[in-house]
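Each ligand, and each atom within it, is numbered from 1 in the order the structure gives. Note that the structure is a prediction, hence the values are computed from the model and not measured. All heavy atoms count here, side chains included; hydrogens, waters and symmetry mates do not.
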Amino acid sequence: MSALEIEVFSCRSDNYGVLVHDPDTGLTASIDAPEEAPILAAAERRGWKITHIFTTHHHIDHVEANLALKEKFGLEIIGPVNEALAIPGLDRTVADGDEFTFGEHLVRVIETPGHTAGHICYHFPDDKILFAADTLFALGCGRLLERTPTDMWHSLQKLAVLPDETAIYFGHEYTLSNARFALTIDPDNERLKTRAAQVEADRAEGKFTIPTMMSLEKETNPFLRPSDPAIRRNLLMEGKTNEEVFAEIRKRKDNF
Ligand SMILES: [Zn+2]
């Protein structure tokens, strides 16, 4: 079984487009469909024919090109059962724990309500790849538009148990703002300081910060670290639960 090939490109103002290609079968999945032209350009660049869209959630900046791409390629659109009515062109619904194959590559569905009520992530366990869309970002997490901080905290816990060496592809380039915010929550974290400096340099050159790695997020992403004693001291929340600390961090980011 050959390794999957991945093409990452920017779409809209700050979305990432991602194409996943299985060289053994020629299958190609677009992770969400933010914008038609850049997706077509990426497929053309690599010489790939798009066969699937793996939809993570219903927001327009993730589904807008669904129908156009379906018309062009006759592809199959897979998406979350809990948002089925809001996803254009949906062919097949999936729910938490569902497994299917992409060529010979196993795909596992993880429901992560929080940003939206039915948001799902696509995990390729054997390839150690996670498509986290708007649930987990580099140094951040999605805004809580449809669910509570407690729901999102539980969703992030489902991702945090994945192996440290999992590569994480996310939906938006928010990493610079996330890094600056993270330093206000966890100012003495040496690993974070080093990473934030790297992000500043990379973004100044227009470099992508995708993908990230689970181990790095666990060490530096404040939304995965509410149990950290230094963060709790800094927030004056030493006696609180992880959920309460997480909710406070999320609230501060909303106002950052
Ligand atoms: Zn979204």
Side-chain angles (χ1 to χ4, degrees), residues 8-20 29-39 52-69 77-90 93-96 109-123 129-160 168-179 181 208-212 217 221-224 246-247 249-256:
V8 178
F9 45 97
S10 25
C11 292
R12 309 176 77 97
S13 56
D14 53 32
N15 281 75
Y16 276 124
V18 181
L19 294 181
V20 184
S30 180
I31 307 300
D32 289 324
E35 187 182 6
E36 182 183 3
I39 295 172
H52 296 79
I53 296 173
F54 294 171
T55 302
T56 61
H57 66 296
H58 69 86
H59 285 158
I60 190 69
D61 61 320
H62 292 258
V63 302
E64 194 172 67
N66 274 19
L67 294 180
L69 293 176
I77 302 178
I78 297 172
V81 65
N82 291 331
E83 299 183 1
L85 295 177
I87 295 168
L90 189 64
T93 59
V94 288
D96 194 46
V109 175
I110 306 174
E111 269 174 10
T112 55
H115 177 66
T116 63
H119 191 297
I120 60 174
C121 298
Y122 294 90
H123 182 218
I129 297 170
L130 175 72
F131 296 101
D134 292 3
T135 293
L136 179 62
F137 296 123
L139 292 169
C141 78
R143 285 168 59 92
L144 304 182
L145 300 176
E146 297 180 11
R147 282 293 181 266
T148 65
T150 298
D151 292 332
M152 186 57 132
W153 172 243
H154 288 292
S155 294
L156 291 174
Q157 293 302 104
K158 291 165 81 174
L159 302 183
I168 305 168
Y169 290 80
F170 44 90
H172 292 271
E173 179 57 61
Y174 295 152
T175 312
L176 185 55
S177 154
N178 287 345
F181 171 74
F208 292 175
T209 62
I210 189 174
T212 181
E217 293 311 311
N221 186 329
F223 295 97
L224 295 178
F246 171 79
I249 297 171
R250 186 58 256 179
K251 193 171 85 189
R252 289 183 183 218
K253 178 65 167 73
D254 290 341
N255 299 316
F256 181 69

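- In this model, a donor atom of one side chain and an acceptor atom of the other lie less than 3.5 Å apart for T116 and E83.
- With respect to the Zn ion (ligand 1), H57 has NE2 as its nearest N, O or S atom.
- Counting heavy-atom neighbours within 6.0 Å of L85 CG, excluding the residue itself, gives a total of 12 or less.
- Rounding to 10 degrees, one finds that the Zn ion (ligand 1) sits at the corner of an angle of 90° between H59 ND1 and H115 NE2.
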(request) Tell me, with the steps shown, if H62 and H172 meet ring pair (Phe, Tyr, Trp, His ring centres under 6.0 Å). (result) CA-CA 10 Å; H62 292 258; H172 292 271; 5.5 Å; yes

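- Residue D61 does not count as close to the Zn ion (ligand 1), with no N, O or S atom under 2.8 Å.
- D134 contributes OD2 as its N, O or S atom closest to the Zn ion (ligand 1).
- Counted by atom type alone, T148 and D151 present one or more donor-acceptor pairs between their side chains at under 3.5 Å.
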